[in-house]
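Report on the structure given below.
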Amino acid sequence: MERRACYALVALERGIDRVGPGGAGSEIRGGALTYWSVEPLAVGERVEVPLGRAPKRAAGVVVEVGGPELADGIAPERVRPVLARTGRALPPDLVELARWIAAYYVCPLGMVLGTMVPAAVKRGIGRRTVRLLEPAPAPERPALLETATGLGPVARAAWTAIAALPPASFPMTPVALAAALGLRTKASLAALARAGLLRWSERAEVRGTDELWPEVEAAGPDPARLTAHQLAAVEGTARLLGGFGVALVRGVTGSGKTEVYLRVIERALAAGHTALMLVPEISLTPQTVGRLRRRFAGPGGAGAVAVMHSGLTASQRHAQWALAASGSARVVVGARSAVFAPVADLGLIVVDEEHAPDYKQDQLPRYHARDVAIKRAQLAGCPVLLGSATPSLESWANATASAGPEGRAPGAPKYRLFELPHRVGGGALPRVEIVDLAAERRALADSARHAEAGASSGAPGGPAIKNPALGPTLRAALTRTLAEGGQAILLLNRRGWASYLGCPSLACGWSLRCSDCDASLVQHRMAPRAGPGGTARRQMFVRCHHCLAEQRLPTACPVCARRLVSVRPGTQSVEEELEQALGLRRDEDLVRVDGDTMRSARDYAAALARFAAGRVRVLLGTQMIAKGLDYPNVGLVGVVDADTSIALPDFRAAERTFQLVSQVAGRAGRGARPGRVVVQTLSPGAAPIRHAAAHDYVGFAGAELATRRRAGLPPATRMARVVVRDRDPGKAERLGRELARHLEAARTALAARDAGARDPAELVRLDGPAPCAIERIAGFYRFEVLLTAPGRGLIQAVLASARAGGAVKSDAAMAVDIDPVALL
Ligand SMILES: [Zn+2]
Ligand SMILES: [Zn+2]
């Protein structure tokens with residue numbers, strides 16, 4: 001008998017860039033191995049295959065199908081068969097996207113494909129089989145009725161009723177059918193099935209219909225009319241539908257960007273396509289989802305919008321994924337990994353808050369969801385709509401051609417730019433006041449009254465916090481806002497009690513640092529337990545925010561025995577300061593929103609719901625509260641410390657500071673009353689803070705881009721970072737030197753191939769090996785090599801050649817980060 005086998009290349013999820021010759025009869029192709037199957041296979045299908053000499057079952061995805069040519073020189077009888085087919089997982093265009101990611105972000109293809117499918121889907125969590133009934137075909141019915149025995153009068157009456165039901169209502173579950181017929185039991189249905197008059201069929205379904213989270217109403221109804229600027233953005237972007245293109249909407253906070261997204265999504269749906277909307281994890285607020293649902297799902301049609309984010313249970317995640325895969329959901333909204341949603345007929349991708357660093361994944365594959373979205377749109381032939389009040393400088397440069405990132409001449413922007421310069425409804429942007437915290441503290445220290453009252457807010461027995469976190473201006477503004485019945489948002493992008501603990505003696509200079517990382521330990525307080533008489537005994541401990549190691553708080557300086565002091569207060573100590581100074585009650589009228597208190601999306605939604613209802617007066621939190629929130633009664637936004645990111649050893653420090661201050665300032669004055677913003681800083685003259693206070697994005701971006709151009713930094717150039725690590729510092733440094741040597745050789749080869757034969761350093765600049773900004777994390781010493789070049793193609797060429805030689809790979813000892821967003 002002729003064996004008509006289908007040959008297939010299978011990328012293994014275990015993620016091997018290349019494998020040894022161990023897999024007998026399996027051909028290696030960029031991490032994919034050849035197998036055969038009697039049944040035809042499809043690209044994107046998930047399979048199990050044998051791997052190794054004593055074969056183990058390994059999961060993989062079919063990335064190519066064909067005939068014996070895929071065996072490429074291996075005798076067909078030595079190619080091994082696919083063991084099992086575990087289901088269609090990915091449409092072919094996503095497999096194509098995975099190939100691009102694997103090549104661009106230097107990651108094994110199978111690992112990229114493995115990332116694209118949620119674990120809950122692979123494990124089939126929540127999947128169940130539903131049994132359904134439908135009547136036998138009409139021509140067979142008389143004969144079946146003739147031969148049927150044991151049909152009582154109830155069953156016969158039921159049959160008559162069934163035959164009268166519209167054929168389109170079948171198949172139905174027995175429960176639904178019994179209900180439709182008014183039957184109390186399913187006994188007569190079973191009898192009809194035994195007689196062959198009713199027939200069983202099965203359908204696979206995913207359970208996961210529990211409520212996603214408490215829904216919070218968005219402020220006000222959807223607007224009936226658009227502003228002229230909104231209209232221009234909608235029409236301009238809609239013109240791109242049907243082909244690839246990128247539009248950037250820069251809209252000040254409150255300018256109605258979301259409404260623009262929704263209108264363009266409507267256009268894409270009207271043209272018969274689907275739409276995908278990405279939002280940063282933390283701003284995937286119930287407000288956004290509620291609004292999308294209301295707009296696109298309609299009454300009772302919740303399935304039309306699928307939601308994907310990390311706060312879902314496993315079965316919910318599977319169910320939402322299945323909604324997208326089956327085509328029932330025409331709109332998918334989700335965080336970073338939703339860029340891989342298995343939707344067909346994609347007509348539009350929206351990336352909200354496109355500047356957000358959380359679009360970058362910090363583990364393999366280290367992709368940037370915005371950039372992947374652009375690639376996906378290109379493959380699908382549809383436009384991408386990027387939106388932000390503070391666009392990333394990369395996107396801004398592409399929309400204004402002010403940086404010439406690929407060396408192109410100014411005047412040829414790659415993206416269409418639309419601006420929404422005004423708030424909807426004519427509301428003014430809030431007045432932002434910069435407070436020089438150092439000056440306020442000096443004034444405080446001079447005040448005798450203050451000297452007597454004492455300024456410490458330390459916990460009993462714990463180290464004292466040297467200064468109150470809220471200076472007189474912010475404190476007075478908060479008191480006044482609350483007295484007037486308003487609400488306030490206070491931003492402090494630092495968790496814990498205090499992030500620096502040390503000896504007050506300059507001569508001693510001891511400070512508490514992690515024994516495994518080059519970092520200060522952060523002081524935390526355990527959740528308080530109220531003791532008798534309302535006194536709370538609060539235990540302190542310290543934790544490393546890099547390796548998460550914890551230890552008890554030392555009682556005194558181990559060198560000179562002085563009492564320790566805490567500086568750089570975190571959200572926990574500010575919470576206590578607010579309780580003591582303003583009489584606010586924790587968890588009642590004051591809620592702290594940070595990574596320690598918000599364990600799940602549900603906690604976050606619940607906190608926001610209480611703030612929206614007006615029960616909570618003050619929301620104190622980290623960057624989690626900086627984005628997307630729109631509450632009309634917020635009269636005051638306070639930035640407790642604008643300097644948390646300004647001194648980071650990262651060239652994006654100024655950009656991050658500008659974004660954070662601008663974003664949180666935008667939460668004020670969303671209602672009828674003008675809002676007030678108070679920004680406390682130790683560097684009142686710093687450019688990002690001054691520009692943010694003046695709501696001057698264009699001025700900030702222009703100055704910052706000029707600085708980056710002069711320094712040869714992105715977006716004027718492209719960058720890749722390769723980090724090597726080892727527990728032994730000498731070995732780590734050696735690895736770094738070897739890496740640099742291989743990259744150097746790859747660069748020289750590239751320059752020789754280049755017809756221009758330019759100086760290799762002009763093509764790609766190599767910096768390093770040098771110790772990373774945080775040289776040691778969790779006991780590993782880290783060295784980096786940076787590659788910068790005028791265009792990404794040059795970096796890719798150098799890396800590809802080093803990768804082919806095995807000198808660059810993504811594994812436990814080496815991390816490759818393309819277009820890094822953080823350099824710590
Ligand atoms: Zn540590
Ligand atoms: Zn000391």
Side-chain angles (χ1 to χ4, degrees), residues 357-358 361-364 366 455-456 458-467 492-526 539-573 594-596 622-623 644-645 647-650 653 721 723-733 735-736 770-784 812-815 817 820-824:
D358 33 344
Q361 171 145 302
D362 62 3
Q363 59 195 32
L364 273 176
R366 293 184 176 80
S456 89
I465 294 266
K466 235 180 128 211
N467 287 299
L492 176 57
N493 205 18
R494 199 156 48 209
R495 284 185 295 129
W497 178 265
S499 63
Y500 188 90
L501 183 67
C503 178
S505 156
L506 289 176
C508 171
W510 181 87
S511 74
L512 186 59
R513 297 178 68 78
C514 178
S515 54
D516 287 327
C517 306
D518 288 321
S520 296
L521 289 175
V522 178
Q523 190 180 340
H524 284 260
R525 197 172 57 185
M526 288 173 197
Q539 283 270 311
M540 290 284 189
F541 66 99
V542 285
R543 179 188 290 152
C544 173
H545 280 193
H546 297 283
C547 70
L548 307 182
E550 290 180 0
Q551 60 188 75
R552 297 288 285 275
L553 192 70
T555 47
C557 174
V559 180
C560 68
R562 282 188 178 82
R563 189 177 173 200
L564 298 174
V565 289
S566 305
V567 285
R568 297 185 208 146
T571 45
Q572 274 187 337
S573 56
D594 61 28
D596 296 321
T622 55
Q623 60 186 352
T644 47
S645 58
L648 286 179
D650 189 318
R721 180 191 195 215
V723 174
V724 291
R725 62 171 206 171
D726 196 272
R727 289 189 181 277
D728 175 64
K731 173 107 187 279
E733 193 172 1
L735 287 175
C772 295
I774 302 175
E775 186 174 351
R776 198 170 43 118
I777 292 181
F780 283 91
Y781 289 83
R782 306 159 70 237
F783 282 79
E784 67 181 8
M814 187 181 294
D817 193 355
V821 301
L823 297 175
L824 294 178

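In listed order, ligands and their atoms are each counted from 1.
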Aromatic ring pairing His524/His545, orientation class (parallel under 30°, perpendicular over 60°, tilted between):
tilted
I need the SG(Cys508)-the Zn ion (ligand 2)-SG(Cys557) angle, rounded to 10 degrees.
110°
Mind reading off the angle at the Zn ion (ligand 2) between the SG atom of Cys560 and the SG atom of Cys503, rounded to 10°?
100°
Electrostatic pair Asp596-Arg495, nearest N-O below 4.0 angstrom:
yes
For Arg721, is there an ion pair with Glu784 - N to carboxylate O distance below 4.0 angstrom?
yes
Could you go step by step and tell me if Asp817 and Arg366 meet the salt bridge (charged side-chain N to carboxylate O under 4.0 Å, His left out) rule?
CA-CA 6 Å; Asp817 193 355; Arg366 293 184 176 80; 5.4 Å; no
Mind reading off the angle at the Zn ion (ligand 1) between the SG atom of Cys547 and the SG atom of Cys514, rounded to 10°?
110°
Does His545 bring an N, O or S atom to within less than 2.8 Å of the Zn ion (ligand 1)?
no
If I take every N, O or S atom of Cys517, is at least one of them less than 2.8 Å from the Zn ion (ligand 1)?
yes
Passes side chain to side chain contact (heavy atoms under 4.5 Å, CB included), Leu521 versus Arg543? Steps please.
CA-CA 6 Å; Leu521 289 175; Arg543 179 188 290 152; over 6 Å; no
